[in-house]
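Numbers for residues simply follow the sequence, beginning at 1.
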Amino acid sequence: AWGVAHTEYCKWTEDERLRQLGDVCMRLAALLKAAKKDDVARLPGTPVEVTLEDNKMVSWRVLEEVL
């Protein structure tokens, strides 16, 4: 939904959208750094730890210590 053009019916502002997209980019940059990768296409095969509760993923992280 964040890729949708803003209209008068949206419940978010353009500034909120830009802030959210900026946050996503920063999280992606941190993920790539933790994985020691320079492109998302290189992420497959990266070791991760996943925590599940009631068969739902609640968290995950890159296993930096094994890279």
Side-chain angles (χ1 to χ4, degrees):
W2 287 102
V4 176
H6 190 269
T7 69
E8 62 186 275
Y9 303 106
C10 292
K11 295 183 179 181
W12 44 267
T13 67
E14 186 66 11
D15 285 342
E16 289 171 327
R17 182 179 80 96
L18 291 174
R19 187 171 34 258
Q20 181 69 27
L21 290 173
D23 287 345
V24 168
C25 288
M26 295 303 288
R27 282 186 272 159
L28 180 56
L31 169 66
L32 288 170
K33 183 178 180 181
K36 299 180 181 172
K37 308 290 182 186
D38 60 359
D39 188 313
V40 293
R42 299 179 198 271
L43 286 174
T46 301
V48 297
E49 175 183 75
V50 178
T51 303
L52 303 171
E53 289 181 8
D54 297 323
N55 290 328
K56 293 181 182 179
M57 184 176 71
V58 293
S59 68
W60 67 276
R61 69 179 186 92
V62 171
L63 289 173
E64 297 176 69
E65 59 272 17
V66 299
L67 295 177

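Contact detail for L31 and L43: the closest heavy-atom pair is CD2-CD1, 3.9 Å. When all heavy atoms of A34 and V62 are compared, the closest pair comes out as O-CG1, 3.8 Å. The nearest pair of heavy atoms linking Q20 to R27 is NE2-NH2, 3.6 Å. Residue A5 comes nearest to C10 through the heavy atom pair O-SG, 4.2 Å, listed as atom of the first residue, atom of the second, then distance.
Residues passing the side-chain hydrogen bond (donor to acceptor under 3.5 Å, both in side chains) test with R19, sequence neighbours excluded: none.
Taken together through direct or relayed side-chain contacts under 4.5 Å among Ile, Leu, Val, Met, Phe, Trp and Tyr, W60 and L28 form part of one hydrophobic cluster. Residues V24 and V40 do not share a hydrophobic cluster, defined by chaining ILVMFWY side chains whose heavy atoms lie under 4.5 Å apart.
Here the straight-line distance linking atom NZ of K36 with atom OG1 of T46 works out to 11.5 Å at 0.5 Å rounding. Atom CD in E14 sits 4.5 Å away from atom CG in L18 (nearest 0.5 Å). Within the model, atoms NZ of K33 and CD of E64 stand 9.0 Å from one another, a figure rounded to the nearest 0.5 Å. From L52, atom CG reaches atom NZ of K56 across 11.5 Å, with rounding to the nearest 0.5 Å. L67 contributes atom CG, which lies 7.0 Å from atom NZ of K37 (distance to the nearest 0.5 angstrom).
Atom CZ of R61 sits in a crowded spot, with more than 12 heavy atoms from other residues, nucleotides or ligands closer than 6.0 Å. The environment of E53 atom CD is sparse: at most 12 non-hydrogen atoms of other residues, nucleotides or ligands sit within 6.0 angstrom.
A donor-acceptor distance shorter than 3.5 angstrom exists from the side chain of D39 to the backbone of A41, with no hydrogens or angles considered.
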